[in-house]
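We name chains A, B, ... by the order of the sequence lines, and we start the count at 1 in each one. All values below were derived from every heavy atom in this structure, side-chain atoms included, with hydrogens, water molecules and symmetry-related copies excluded.
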Protein chains: 2
Amino acid sequence: MSANSRLTIAAHALAWIGLYQRQGHEVATSEQIATSANTNPVVIRRLLGELRRAGLVESRRGVGAGWSLARELESMTLLDVYEAVEPGPLFAMHRATPDQGCVVGHGIQPAMQGIYEGIEETLRNELARVTLEHVLREVLAAPR
Amino acid sequence: MSANSRLTIAAHALAWIGLYQRQGHEVATSEQIATSANTNPVVIRRLLGELRRAGLVESRRGVGAGWSLARELESMTLLDVYEAVEPGPLFAMHRATPDQGCVVGHGIQPAMQGIYEGIEETLRNELARVTLEHVLREVLAAPR
DNA sequence: ACAGTCGCAACATTAATTGTTACGACAGAC
DNA sequence: GTCTGTCGTAACAATTAATGTTGCGACTGT
């Protein structure tokens with residue numbers, strides 16, 4: 001479905017910064033993270049900018065600039081990241097409004113919206129159960 | 001996120017056929033459904049074709065041709081529809097493979113895949129709890 | 001033979017994400 | 001005060017997926 005890797009890349013960036021800081025460094029640059037994620041630094045800066053707005057990371061400017069965590073990885077969940085970087089709802093409605101003169105065309109959108117709402121709530125609960133600390137631990141547990 | 005309305009349109013089509021059949025008609029045409037959903041008949045035929053492959057609907061050709069349900073709405077769930085019309089996973093990995101020389105770049109994909117798998121399983125369970133009969137009832141319950 | 005609809009392929013359009021380039025703003029080093 | 005490295009952001013290009021459209025052959029009841 002979604003060719004949408006924003007959540008994955010954002011988690012990647014956070015894990016990278018977290019690990020780098022544990023190795024004694026103050027800040028990580030968008031270029032370093034971009035190299036690890038094999039993408040463009042601007043893409044990383046955009047995503048981290050959204051995470052900063054959500055209070056998950058901080059940035060410093062000038063020489064020796066870069067990004068650092070605003071909170072412990074333990075206190076961040078995938079839900080925090082998801083809400084920071086994913087704008088819309090999971091499932092979309094019709095692109096053009098259906099025929100309001102038809103019973104089904106008229107009732108389908110409220111019906112599906114109500115159903116989708118419950119499903120997204122469940123998804124949110126699941127995302128909230130996974131911390132970024134957990135993600136980093138899983139990353140380090142990968143066989144090499 | 002996804003500007004992806006396939007599940008919504010497919011549910012719309014099934015509810016439409018179901019209601020139409022309850023009104024005494026044998027088959028529904030892609031043109032009728034397309035009018036209700038405010039889209040092109042070919043879009044409907046494509047979606048219904050996938051639902052037919054999944055055994056949810058049947059089609060007849062020739063004069064008086066059209067679509068009919070292969071099972072009761074009561075016995076179809078949104079999960080059946082979802083699996084029929086949504087190909088890929090919910091969350092995507094990196095577009096380009098991350099730097100395998102980096103610890104995080106190396107471990108991130110297996111880590112996230114494992115996490116996403118559990119989340120998608122939960123999503124599937126939620127979708128499986130909603131029958132198309134329920135959808136149609138919600139549709140008809142909408143205030144006019 | 002005819003008419004209506006599906007089946008399917010080919011192509012166009014739209015929209016979202018991702019990638020790239022460019023340049024000003026900022027802050028520490030010298 | 002200048003220099004250097006990095007962020008901040010805008011503008012635009014490239015890529016991809018979904019959706020929309022057209023065309024025409026296949027099928028089947030009349």
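When each of Asn38(A) and Gly62(A) is assigned the nucleotide of DNA chain C with its nearest heavy atom, Asn38(A) is the one assigned upstream, toward the 5' end. When each of Val42(A) and Arg60(A) is assigned the nucleotide of DNA chain D with its nearest heavy atom, Arg60(A) is the one assigned upstream, toward the 5' end.
Within 4.0 Å (heavy atoms only), Arg46(B) reaches at least one base atom of the nucleic acid.
In plain terms, the two heavy atoms of Asn40(A) and Ala34(A) that are nearest each other are C-CB, 3.8 Å.
Below the 3.5 angstrom threshold, one finds no donor paired with an acceptor across the side chain of Arg61(A) and the base of dG5(D).
Cluster membership for Leu123(B) and Tyr116(B), using ILVMFWY side-chain heavy atoms within less than 4.5 angstrom, is shared. By the criterion of side-chain heavy atoms lying less than 4.5 angstrom apart, applied directly or through intervening Ile, Leu, Val, Met, Phe, Trp or Tyr residues, Leu51(B) is not grouped with Val27(B); the two fall into different hydrophobic clusters.
Nucleotide dT6(D) holds its C1' atom 16 Å from the CD atom of Glu26(A), rounded to whole Å. We find that CG of Asn40(B) is positioned 14 Å from C1' of dT14(C), with the value rounded to whole Å. Here dG8(D) presents its P atom at 10 Å from CZ of Arg53(A), a figure rounded to the nearest Å. As rounded to whole Å, 13 Å separates atom P of dG7(C) from atom CD of Glu50(B). Atom-to-atom, CD1 of Ile44(B) to C1' of dG7(C) comes out at 15 Å; the value is rounded to the nearest Å. Protein atom CD of Glu58(A) is 17 Å distant from nucleotide atom C1' of dG8(D), rounded to whole Å. Rounded to whole Å, atom C1' of dT21(D) lies 13 Å from atom CZ of Arg95(A). Put simply, CG on Leu48(B) is 13 Å from P on dC8(C), counting in whole angstrom units.
If you check dT4(D), dT20(C), dC7(D) against the side chain of Val63(A), the one that comes closest is dT4(D). Considering only side-chain atoms of Asn4(B), the nucleotide from dA18(D), dC8(C), dT9(D) that sits closest is dA18(D).
Within the 4.0 Å cut-off from OP1 or OP2 of dT18(C), at least one side-chain nitrogen or oxygen of Ser5(A) is found. Put simply, Thr29(B) has no side-chain N or O that comes within less than 4.0 Å of OP1 or OP2 on dT5(C). For the pair Ser59(A) and dT6(D), the criterion of a side-chain N or O lying under 4.0 Å from OP1 or OP2 is not met. One finds a side-chain N or O of Arg45(B) lying less than 4.0 angstrom from the OP1 or OP2 phosphate oxygen of dC6(C).
Side-chain contact annotation: His12(A) with Ser36(A), donor-acceptor N/O pair under 3.5 Å present.
Using cut-offs of 30° and 60° for the angle between ring planes, the His25(A) and Tyr20(A) rings count as parallel.
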